[in-house]
Amino acid sequence: MSVTDRPVTPPSAPAPWHAQDPDAVLSALSSNARTGLTTDETRARAQRYGENVIAAEPAPSMWATALRQLRDPMNLMLIAVAVVSIVIDEIPTAIVVAALVLLNVVMGTQQELKARASVDALAKMQTPQARVIRDGTLSQVDATTLVPGDVVELEAGDIVPADGRLLRTATLESQEAALTGESAPVSKDPSTLPDPDVSLGDRSNMVFQNTSITRGTATMVVTDTGMHTEMGRIASMLSAVAPSKSPLQRELDTLTKILGLIAWLAVAVIVVIGFVRGQDLTTVLLLGISMGISAIPTGLPTFVQAMLAYGARQLADAKAVVKNLTDVETLGATSAINSDKTGTLTMNQMTVRSLYFHTRWYTVGGEGYAKTGAITQAAGEPMPDFTMLAYGLCLDSDATVSDAGEVVGDPTEAALVVLAAKVGVDAPLTRQRYPRVAEVPFDSAYKFMATFHHLEIDGGTRFVEIVKGGPDVVLDRCTHAFRPDRERVPLDELRDELAAANRSMSEKGLRVLAFAARNLDGAEDAVTADPMSFVGELTFIGMVGIIDPLRPEAVEAVRTAHEAGIEVRMITGDHAITASAIGAELGLGGGAVGGTELQAMSDEELTAALPNLHVFGRVTPQDKLRLADVMQRGGAVVAMTGDAVNDAAALKKADIGVAMGSGSEVTKQAGKMVLTDDNFGTLVTAIRLGRSIYDKIVSYIRYQMAKLFSLVLLFLAASIFDINEGVALTPLMVLFQHFFITLFPVIAIMRDPAPPNLMNKPPRDPRQPIANRTSFTQWLAYGILQFAITLAAMLLAPGELSPDEANVPMTMAFVVMSLASIMAGLVMRRDPESGLTAPVLGALKVLTIPLVVTVCAVELGFLQDLLMTTSLSGAQWLTCLGWALIVPLVVEADKAIRRRRIAGAPETITTSEALVPARAR
């Protein structure tokens, strides 16, 4: 059942959801806060209510899309050419031009439909997930499968999957700007609101679909899904917004318009000259048509769009999904990467390796999330009672780990659950027996988590607070600690020893978490009212050292990025000492700084220090945002990776925000690219692909512009100087060039593999447009070269020709233009690298096709009649080949001179100057 077909009547309720208490809401929805819905009931409601999705505005039909393509200025000009051709009885020309228009429309429409399909595929790939209680078990499901009555767990970083009534909250805040316009996060709690008419923004006991949880945790019951949500009601009133064009597309559109203007000015010159010379209207129009066809760059925008879409598909195959085709272009200019550590540079399979409990060291065995592994210690020491630590491991975390190693929740917390299993404690059973009375959820602002329980300790039941967090944060809130004999002593007696233990684990690259506890018997009511105020006067229990092993490919990826002139920096919430050890293993470079030191620097001091800083520890979300901003102001094109909600602002600020596929929904929405495998190596691969795609676009434009300039100059020269009666080439010759000659060098450019040294060059300067002065000069120079040899072949054709050989000059010009175009495609597919070096066999195979086609166009009778060509002698063919060979020789010589100049004087050439011939054609 589709969204639009489903019943529109929600479950009946005597009052709005926010005006009912939680028990009444659960009763109205026939749900249970502890067990949720049953599988059978979920299935029945799914049939009744349909999928939990927002219906999109219907996309334009294929025919509407094709009509929009037909209205493109370039196609309108070609239609005018076809009409004029019919008027002057040039029917074959009209047919071929019409076919060209049809090809452009079909290709453009197909490309737009493919792009739309890619966006749809991305939307499906990015289906939000929800943690829902069904049949009494917490599981993770697609948010699209939620139904009214589902009980959903929420935490910081989640996108709210549906409208819901809050049942339980802990310091919950929600960002509802997309719905209400309120920029600041809104505090939420489950208290019933008596006023049924309270405004949407004041419904503090409700959360709404597609808003984001910025702080705290909560449990909610789903009240509305899909188009019945507040977002769904708004969506039903919206119209689709046309996507904007990328900077590259806008630049090429401008270039196309300029070329069109030049073409029609040239047509006007030819027509005026024809009338001045007294030529008849048909001849003048024929010359104008020939000129117009030769100079209109009809395929330019379509080719570039196709290349960007091709690049997006390549990226998707490499597990990097871009949301907008323009991001393919930006990737190639990336000059700095600010990478999160966990899950990106590492495996995100957290494992406790070292345990420091009651001032004694223990080693933990086992790999990943397998619940097997021994806890060993020095010989002769008795095995301690880990009960207090086990309480912290199980109760101060929310993650679940199945016996098969499947994790739901935070990977670090999963490592704690696995450690609990290794000491013989089952986390789910422990949580069920000792439920939370109150909690202070983890927040990056204070870097700890606290929960409050009635626990069995020393044979009695006590009301106890368990705290988990960074060692420095926890120790600051402790007043006592335990000795090995469980003697509780003032913290100052052990402070140095504990600090040394923390430092020892951190220097080994371990992430350290500390645990502490406090007896709060008799304070249940006060704790429930204000749990945060009791996080103090703690007794230190112990620390665990957790390692997240580096991805095997991360070190190589960092090395490749450095060779490509890309600065890589690691930004993490770990202690600077820990982060520095991991940075050294990765080969990031020297320099580590903590968040406190970073915040003490001015922007000017940070800018000056950045070249020598490659590791940032204990950073805040504001620090990440500031780093991206400072680097961008320094001219860097910044890629930023992240997976947590506190990364979202920096990802949005970065030129390329890279979200992890396993990260929070907020982060995936803020990013411009999603790494579906969470792998840093994939990002470097994506940058390589981005560079390659951009280079192919530049190579195509160089080749196409040189060809257009040569044709324009040839027609102008023939008309102005009355060469061959003003007719350089017939309209069908020009169309034949476009269809059957130029097409194949373009294919060779598209299929050309990226040069092996692509990642050995510095990034291109994004401020340097493709159509810069140097590139324009190069295009014009190569165009003049092809024009000159073609004109020379026409002027120097054998004299005293018989009537049967009257078309020899034009035929030789046609052959030279064809052969020169083929050879130009071979050598111009790379720059400044030689186009004659390996691998070249693939290009030669493709280019043999237009070579054979050229011979057929000259020697086959029916093509001679169509194109007005004539057979050439062996000597004339050799002459044409000789003229055409000048093009690759001159182009390769030009590139060799530029390569020597760049290699010989690197200290005098800026990065942008060195790269202009290669990337900013």
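Heavy-atom basis, side chains included; hydrogens, waters and symmetry copies ignored.
Using a distance-only test at 3.5 Å, with no hydrogens or angles considered, no donor-acceptor pair links the side chain of Glu465 to the main chain of Ala517. Between the side chain of Asp521 and the backbone N or O of Phe463, at least one donor-acceptor pair lies under 3.5 Å. Checking side-chain atoms of Asp476 against main-chain N and O of Val473 turns up no donor-acceptor pair under 3.5 Å. Checked by atom type and distance alone, the side chain of Tyr369 never pairs as donor or acceptor with a backbone atom of Ala404 at under 3.5 Å. Judged by distance alone, with hydrogens and angles left aside, the side-chain atoms of Arg569 form a donor-acceptor pair with the main-chain N or O of Leu613 at under 3.5 Å. A distance-only check finds no donor-acceptor pair linking the side chain of Ser339 to the backbone of Thr641 [under 3.5 Å].
Below 30°, between 30° and 60°, or above 60°: for His358 and Phe482 the angle between ring planes is between 30° and 60°, a tilted geometry.
With contacts defined as side-chain heavy-atom distances shorter than 4.5 Å, the pair Phe386/Leu393 does not qualify. Considering only heavy atoms from C-beta on, Thr346 comes within 4.5 Å of Lys341 through its side chain. No side-chain heavy atom of Lys188 sits less than 4.5 Å from a side-chain heavy atom of Asn205. Within the 4.5 Å cutoff, side-chain heavy atoms of Ile466 are placed close to those of Leu455. Two residues are said to be in side-chain contact when any heavy atoms from C-beta on lie closer than 4.5 Å; Tyr391 and His453 fail this criterion. Here the side chains of Val658 and Thr344 are not in contact, with every heavy-atom distance at 4.5 Å or above. Side-chain contact between Pro471 and Met505 is absent, with no heavy atoms from C-beta onward closer than 4.5 Å. Side chains of Phe616 and Asp623 form no contact here, defined as non-hydrogen atoms less than 4.5 Å apart.
A salt bridge links Arg168 with Glu439: the distance from a Lys NZ or Arg NE/NH1/NH2 to an Asp or Glu carboxylate oxygen falls below 4.0 Å. A salt bridge does not link Arg618 with Glu597: none of the charged nitrogens is closer than 4.0 Å to a carboxylate oxygen. In this structure, Asp492 pairs ionically with Arg495, as a charged nitrogen and a carboxylate oxygen lie closer than 4.0 Å.
Legend: residues meeting salt bridge (charged side-chain N to carboxylate O under 4.0 Å, His left out) with Asp485, ordered by chain and number and at least two apart, are absent. Residues forming a side-chain contact (heavy atoms from CB on, under 4.5 Å) with Ala523 (at least two apart in sequence, or on another chain): Leu520, Val527, Phe534. Listed by chain and number, the residues in a ring pair (Phe, Tyr, Trp, His ring centres under 6.0 Å) with His480 amount to none (sequence neighbours excluded). In this structure Thr169 satisfies the side-chain hydrogen bond (donor to acceptor under 3.5 Å, both in side chains) test with no other residue, sequence neighbours excluded. Legend: residues meeting salt bridge (charged side-chain N to carboxylate O under 4.0 Å, His left out) with Glu585, ordered by chain and number and at least two apart, are absent. For Asp677, the side-chain contact (heavy atoms from CB on, under 4.5 Å) partners are Lys319, Leu675, Asn679, Thr682, not counting sequence neighbours. With sequence neighbours excluded, the residues forming a side-chain contact (heavy atoms from CB on, under 4.5 Å) with Leu498 are Tyr356, Thr359, Leu475, Ala481, Leu491, Leu494, Phe540, listed by chain and number. With sequence neighbours excluded, the residues forming a side-chain contact (heavy atoms from CB on, under 4.5 Å) with Ser191 are Asp189, listed by chain and number. For Ser504, there are no side-chain hydrogen bond (donor to acceptor under 3.5 Å, both in side chains) partners, not counting sequence neighbours.
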Review point. What do the steps show when you test Arg436 against Leu395 for side-chain contact (heavy atoms from CB on, under 4.5 Å), and what is the final call?
Key: CA-CA 8 Å; Arg436 292 175 187 173; Leu395 303 177; 5.8 Å; no
Practice item. Report the C-alpha distance between Asn32 and Leu26 in whole Å, list the side-chain angles of each, state the deciding distance to 0.1 Å, and finish with yes or no for side-chain contact (heavy atoms from CB on, under 4.5 Å). Key: CA-CA 6 Å; Asn32 184 286; Leu26 287 166; over 6 Å; no
Exercise for review: Decide salt bridge (Lys or Arg N to Asp or Glu O under 4.0 Å) for Arg486 and Asp458; before the verdict, give the C-alpha distance in whole Å, the side-chain angles of both, and the deciding distance to 0.1 Å.
Suggested key: CA-CA 12 Å; Arg486 296 187 64 189; Asp458 296 332; 3.5 Å; yes
Exercise for review: Using the side-chain contact (heavy atoms from CB on, under 4.5 Å) rule, take Arg483 and Glu493 through it: C-alpha gap first, then chi angles, then the decisive distance, then the call.
Suggested key: CA-CA 10 Å; Arg483 289 188 181 278; Glu493 294 184 20; 3.0 Å; yes
Point to revise | Derivation and outcome, side-chain contact (heavy atoms from CB on, under 4.5 Å), residues Ser139 and Val132 | key: CA-CA 6 Å; Ser139 59; Val132 61; 4.2 Å; yes
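There is no side-chain donor-acceptor pair under 3.5 Å between Thr528 and Asp525. When only modelled atom types and interatomic distance are considered, Thr461 and Glu456 share a side-chain donor-acceptor pair under 3.5 Å. No hydrogens or angles considered: a donor-acceptor pair under 3.5 Å links the side chains of Arg165 and Thr192. Asp396 and Thr451 share a donor-acceptor pair across their side chains, judged by distance under 3.5 Å alone.
Across all their heavy atoms, Gly36 and Val151 have their closest contact at CA-CG2, 3.9 Å. When all heavy atoms of Glu507 and Ala581 are compared, the pair lying nearest together is O-CB, 3.6 Å. The two residues Ala162 and Val222 make their nearest non-hydrogen contact at CB-CG1, 3.8 Å. Here the closest heavy-atom approach between residue Asn210 and residue Ile159 is recorded as CA-CG2, 3.7 Å. Residue Phe357 comes nearest to Leu389 through the heavy atom pair CE1-CB, 3.8 Å, listed as atom of the first residue, atom of the second, then distance. Nearest heavy-atom pair, Pro441 versus Ala170, reported as atom, atom and distance to 0.1 Å: CG-O, 3.4 Å.
Applying the side chain to side chain donor-acceptor pair (under 3.5 Å) test between Asp135 and each of Thr38, Thr39, Thr42 identifies Thr39 as the sole match. Partner of Tyr362 under the side-chain contact (heavy atoms from CB on, under 4.5 Å) criterion, chosen from Val544, Thr376, Leu355: Leu355.
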Listed pairs under 3.5 Å, donor-acceptor, residues 413-434 side chains, sequence neighbours left out:
from: Glu413; atom 1: OE1; to: Asp398; atom 2: N; distance (Å): 2.7
from: Glu413; atom 1: OE1; to: Ala399; atom 2: N; distance (Å): 3.3
from: Glu413; atom 1: OE2; to: Lys468; atom 2: NZ; distance (Å): 3.0
from: Lys422; atom 1: NZ; to: Gly365; atom 2: O; distance (Å): 2.6
from: Asp426; atom 1: OD1; to: Leu429; atom 2: N; distance (Å): 2.9
from: Thr430; atom 1: OG1; to: Asp426; atom 2: O; distance (Å): 2.7
from: Arg431; atom 1: NE; to: Cys394; atom 2: O; distance (Å): 2.8
from: Arg431; atom 1: NH1; to: Ala399; atom 2: O; distance (Å): 2.7
from: Arg431; atom 1: NH2; to: Cys394; atom 2: O; distance (Å): 3.4
from: Arg431; atom 1: NH2; to: Ser397; atom 2: O; distance (Å): 3.3
from: Arg431; atom 1: NH2; to: Ser397; atom 2: OG; distance (Å): 3.0
from: Arg431; atom 1: NH2; to: Ala399; atom 2: O; distance (Å): 2.8

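Screening residues 349-363 for salt bridge (charged side-chain N to carboxylate O under 4.0 Å, His left out) gives Arg353-Glu367, Arg360-Glu381 as the qualifying pairs, with residues at least two apart or on separate chains. For residues 485-528, no residue pair satisfies the ring pair (Phe, Tyr, Trp, His ring centres under 6.0 Å) rule, not counting sequence neighbours.
No more than 12 heavy atoms of other residues, nucleotides or ligands sit less than 6.0 Å from atom NZ of Lys508.
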